[in-house]
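Only one structure is covered here, and it is reproduced in the block below.
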2 protein chains.
Amino acid sequence: MKRYATLKDVAKLAGTTAATVSYVLNEKEGRYISDETRRKVLEAAEQLEYVKSIGASSLKGKSRKLIAILIPQFENQFFTRIVVASEEVFVKHGYDLIICNTFDKPEREKAILNRMIQQRVDGIILTPTKMGTENTKLLRKVGMKMVVVDRPLPGVKDFFWVATNNYGCGFVGAHYLFSKGHKRVAYIGWNSGIEDLEARKRAFFDAADTYGISQDSLIVAEGGFSAEEGCRLTSYVLEKHPEVTAIFYGFNIQALGGVTCLSQRGISIPEELSVMIIGSPEWIMAGKNDFTHVDMNDLELGRKAANLLLSQIQAEGDVPFQHIIQDCSLIEGSSVRDIR
Amino acid sequence: MKRYATLKDVAKLAGTTAATVSYVLNEKEGRYISDETRRKVLEAAEQLEYVKSIGASSLKGKSRKLIAILIPQFENQFFTRIVVASEEVFVKHGYDLIICNTFDKPEREKAILNRMIQQRVDGIILTPTKMGTENTKLLRKVGMKMVVVDRPLPGVKDFFWVATNNYGCGFVGAHYLFSKGHKRVAYIGWNSGIEDLEARKRAFFDAADTYGISQDSLIVAEGGFSAEEGCRLTSYVLEKHPEVTAIFYGFNIQALGGVTCLSQRGISIPEELSVMIIGSPEWIMAGKNDFTHVDMNDLELGRKAANLLLSQIQAEGDVPFQHIIQDCSLIEGSSVRDIR
DNA sequence: TCTGTATAGGCAAACGTTTGCTTATAAGTA
DNA sequence: TACTTATAAGCAAACGTTTGCCTATACAGA
């Protein structure tokens with residue numbers, strides 16, 4: 001690889017000094033530059049294909065113009081949408097995005113966060129793993145600008161948080177099912193070990209309660225976060241609890257495996273079984289599919305997170321901590337039968 | 001934001017010099033360090049929460065450990081899969097990924113590429129827009145390590161290329177349709193202005209030819225790259241050419257809109273109309289969907305691109321240019337009726 | 001005692017920018 | 001003429017690393 005031209009190279013060709021070149025190229029005011037010099041500098045820079053090194057200029061205190069975003073699941077459209085939406089905001093403000101996949105593994109998260117500090121990024125958007133509080137300790141100590149998305153940092157008092165109202169999502173979905181007369185309902189979920197996500201399940205029980213449905217008629221099946229697990233859990237429910245009339249999927253990746261599994265078994269939705277899902281992956285309304293689901297407005301979540309981070313970065317002093325909890329909305333499809 | 005501790009800070013606390021600290025922390029051999037000094041340095045670094053600045057060290061000729069990947073459509077799973085797969089490879093080798101969305105807009109591409117040189121990334125993976133040849137001129141001149149993915153750089157002789165055999169994809173899909181007895185078939189595609197992608201359409205005609213089907217019985221409808229356009233084009237075909245028995249979608253995003261539109265119109269697949277699609281987005285086999293399609297092995301494409309870039313980066317001298325063209329495979333679903 | 005070598009670590013230049021300080025000329029004003 | 005001010009641009013330090021070069025001590029062998 002060839003060497004990049006430096007300010008000095010340009011200066012030499014233009015018959016001036018690096019300082020002058022720097023002033024010309026950065027269009028800094030407060031310094032007098034003759035038209036003649038400006039022209040020569042511009043010409044020389046052009047000819048040598050000069051491109052400044054952000055690394056070097058950031059040494060002098062300039063911003064690196066880099067934002068890092070860490071998400072736990074790249075295969076989950078909920079997160080890729082957050083990325084897309086925030087990227088749009090950042091790019092508009094001249095920032096580039098380093099996107100990393102933690103695979104929900106705490107060690108990966110720790111390693112990546114450390115590298116992001118090494119890169120001296122201007123800010124971080126993070127959906128923490130279950131070790132997030134521990135892993136962000138250093139970030140919080142050095143005062144790295146950070147916005148936490150989706151899941152909170154348990155035990156931490158002050159942080160910027162943009163999230164979905166998980167309890168609300170669970171409640172609105174479950175409520176709809178019960179309102180259509182379903183009494184034997186199974187909740188399929190992810191045993192993530194992440195407290196905040198459990199709210200979906202709690203809401204499910206609470207919604208049942210408002211309909212006077214006892215816990216005994218409710219089934220809960222939890223397992224790993226994958227389509228395969230979704231299929232396995234679904235099969236389990238079908239076999240052990242043939243009496244259920246509806247399944248409530250708390251997580252869209254499991255739902256994907258689950259409903260595909262149902263179709264393959266020839267179970268017709270909603271005639272034989274009703275289905276409700278939290279989340280809005282593309283497939284949910286694609287082609288022959290038309291699932292009733294709870295939308296979390298993923299894109300808006302991403303935009304809010306990006307703007308919150310930018311406001312921190314651009315602020316002179318401290319910005320007061322903020323928690324933005326976004327509500328969800330129920331999208332009615334044709335996967336829930338009215339059995340009243 | 002607090003100042004990060006520097007080598008000097010650590011050195012002062014440990015009672016030594018920056019040089020020694022650097023040697024200790026980088027575990028460089030060839031320099032004698034007493035256990036006592038090492039201990040003190042490590043302790044001081046720990047205490048001050050020292051994190052090295054990659055920016056500064058890259059000034060001294062060290063790699064920045066950054067790879068950029070530019071894709072044109074973030075909402076297209078074909079590309080996000082390439083990103084995921086290559087990320088895994090890169091991270092394993094200690095590289096971070098800057099992921100950017102060009103939105104298929106040449107100006108964006110140009111601006112982003114320029115910023116990537118400013119960031120002095122170690123290499124770039126790029127799916128070029130139609131102005132790619134022009135926009136990568138500088139990159140090629142400065143000898144930036146680069147792998148082009150999916151679409152070629154027309155007019156450029158030497159570049160690393162990892163792509164799908166677009167002609168092959170078109171042929172295998174079309175061939176299958178004709179083999180099932182379809183004679184009046186519509187091809188719905190994207191008028192991208194990108195030569196290489198046109199191969200899909202050419203293959204469609206060629207496949208028809210091998211079955212002795214004349215051009216007159218074939219329909220071509222082309223438009224923009226979006227689900228909405230897919231729906232519009234589909235409606236157009238249905239209305240203007242009710243005689244078609246099958247639709248061949250050349251691009252998955254258009255297909256999404258198209259088949260959803262078909263379902264909403266109550267047209268049953270494959271009883272009333274057969275459908276073939278190039279690409280394997282998640283929805284294609286999800287839930288009630290089971291579309292016959294042409295798989296491009298997106299993940300493998302990403303892995304190959306990443307490895308090709310790494311081999312360039314790690315090589316001492318020049319690596320011979322390479323074109324890797326990957327074949328596709330037909331996945332049989334239930335969306336094509338046998339009407340022989 | 002002298003030389004050689006293994007061990008330990010300091011000093012300072014360099015990487016490519018940015019910017020405060022300084023100098024030099026020309027033109028305007030008292 | 002002397003003093004100010006506007007215009008133009010050079011010099012060098014600094015940012016945080018890395019690394020070649022040098023110095024110093026200790027101990028071994030001759």
Side-chain angles (χ1 to χ4, degrees), chain A residues 1-42 44-45 48-65 115 117-122 142, chain B residues 1-42 44-45 48-65 115 117-122 142:
Chain A
M1 178 124 55
K2 280 163 218 105
R3 213 179 107 272
Y4 291 99
T6 69
L7 277 186
K8 266 189 209 148
D9 298 331
V10 177
K12 199 192 288 177
L13 184 59
T16 179
T17 60
T20 301
V21 177
S22 171
Y23 283 112
V24 170
L25 296 181
N26 290 318
E27 293 174 338
K28 265 258 196 174
E29 35 207 278
R31 190 175 171 101
Y32 301 107
I33 308 273
S34 69
D35 288 351
E36 171 66 3
T37 303
R38 185 185 311 278
R39 193 187 52 71
K40 276 202 282 195
V41 166
L42 258 17
L48 296 177
E49 279 143 353
Y50 172 79
V51 183
K52 90 152 126 190
S53 157
I54 291 201
S57 75
S58 81
L59 255 195
K60 295 289 300 181
K62 295 262 161 278
S63 155
R64 178 143 285 169
K65 291 292 178 184
R115 270 220 308 286
I117 306 185
Q118 290 189 359
Q119 300 279 6
R120 296 291 192 269
V121 296
D122 299 295
V142 300
Chain B
M1 179 122 57
K2 279 163 220 103
R3 214 180 108 270
Y4 290 98
T6 70
L7 277 187
K8 266 189 208 150
D9 298 331
V10 176
K12 198 194 288 180
L13 184 58
T16 177
T17 61
T20 301
V21 177
S22 172
Y23 283 113
V24 171
L25 296 181
N26 290 319
E27 293 175 339
K28 266 257 193 173
E29 37 205 279
R31 189 173 172 101
Y32 301 107
I33 308 272
S34 68
D35 288 351
E36 172 66 3
T37 303
R38 185 185 312 278
R39 193 187 51 71
K40 277 201 281 193
V41 166
L42 258 19
L48 296 178
E49 279 142 354
Y50 172 79
V51 183
K52 92 152 124 191
S53 156
I54 291 201
S57 74
S58 82
L59 255 194
K60 295 288 303 181
K62 295 263 161 276
S63 155
R64 173 139 289 165
K65 292 294 180 181
R115 269 220 308 286
I117 307 184
Q118 290 189 1
Q119 300 279 8
R120 296 292 193 271
V121 295
D122 299 296
V142 300

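Fair warning: this is a prediction, and the values are worked out from it, not measured in the lab. Labels below follow one simple rule: chain letters A, B, ... track the order of the sequence lines, proteins then strands, and each chain is numbered from 1.
Regarding contacts with the backbone of C:dG16, every side-chain N or O of A:Ser57 stays at 4.0 angstrom or more from both OP1 and OP2. Taking 4.0 angstrom as the limit, A:Lys52 places a side-chain polar atom (N or O) nearer than this to OP1 or OP2 of C:dT18. Side-chain nitrogen and oxygen atoms of A:Thr17 include at least one within less than 4.0 Å of the OP1 or OP2 phosphate oxygen of D:dG10. Between A:Ser34 and D:dA9 there is a side-chain polar atom (N or O) within less than 4.0 angstrom of OP1 or OP2.
As rounded to whole Å, 11 Å separates atom C1' of D:dA8 from atom CZ of A:Arg38. One atom, CD1 of A:Ile54, and another, C1' of C:dG16, lie 13 Å apart when rounded to the nearest Å. For the pair A:Tyr32 OH and C:dT25 C1', the interatomic distance rounds to 14 Å; values are reported in whole Å. If you take OH of B:Tyr4 and C1' of D:dT17, they are 16 Å apart, rounded to a whole angstrom. Residue B:Glu29 contributes atom CD, which lies 16 Å from atom P of C:dA6 at whole-angstrom precision. We find that CZ of A:Arg64 is positioned 12 Å from C1' of D:dT17, with the value rounded to whole Å. C:dC15 atom P lies 8 Å from atom CZ of A:Arg3, rounded to whole Å. Atom pair A:Lys40:NZ and D:dA8:P shows a separation of 14 Å (rounding to whole Å applied).
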Q | Pair pattern of DNA chain C in dot-bracket, where unpaired bases get dots and | marks partners in another strand, Watson-Crick or G-U under 3.5 angstrom | A | ||||||||||||||||||||||||||||||
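Using a 4.0 Å heavy-atom criterion, one finds that B:Thr37 contacts the sugar-phosphate atoms exclusively. Backbone-only contact: B:Ile33 has heavy atoms under 4.0 Å from sugar-phosphate atoms and none from a base.
For the atom pair NZ (A:Lys12) and OG1 (A:Thr6), the distance works out to 8.5 Å, reported to the nearest 0.5 Å. Between B:Gln118 atom CD and B:Arg120 atom CZ the span is 8.0 Å, to the nearest 0.5 Å. Note: B:Glu49 CD to A:Ile117 CD1 = 9.0 Å, rounded to the nearest 0.5 Å. With rounding to the nearest 0.5 angstrom, the CD1 atom of A:Ile33 is 14.0 Å from the CZ atom of A:Arg39. Remark: A:Gln119 CD to B:Ser58 OG distance equals 8.5 Å, nearest 0.5 Å.
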Q: Give the intermediate values and the outcome of side-chain contact (heavy atoms from CB on, under 4.5 Å) for residues B:Tyr50 and B:Leu7.
A: CA-CA 8 Å; B:Tyr50 172 79; B:Leu7 277 187; 3.5 Å; yes
Q.
Quick one, B:Arg64 with B:Asp122, criterion side-chain contact (heavy atoms from CB on, under 4.5 Å). Give me CA distance, side-chain angles, the key distance, then yes/no.
A. CA-CA 7 Å; B:Arg64 173 139 289 165; B:Asp122 299 296; 4.2 Å; yes
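Residues B:Arg31 and B:Val24 have side chains not in contact (no heavy-atom distance under 4.5 Å, counting atoms from C-beta outward). Annotation: side chain of A:Val41 is not in contact with side chain of A:Leu13 (no heavy-atom distance under 4.5 Å).
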Q) Taking protein heavy atoms under 4.0 Å as touching, what does nucleotides 19-29 of chain D look like 5' to 3' if B marks base contact, S marks sugar-phosphate-only contact and - marks none? A) BBB--------
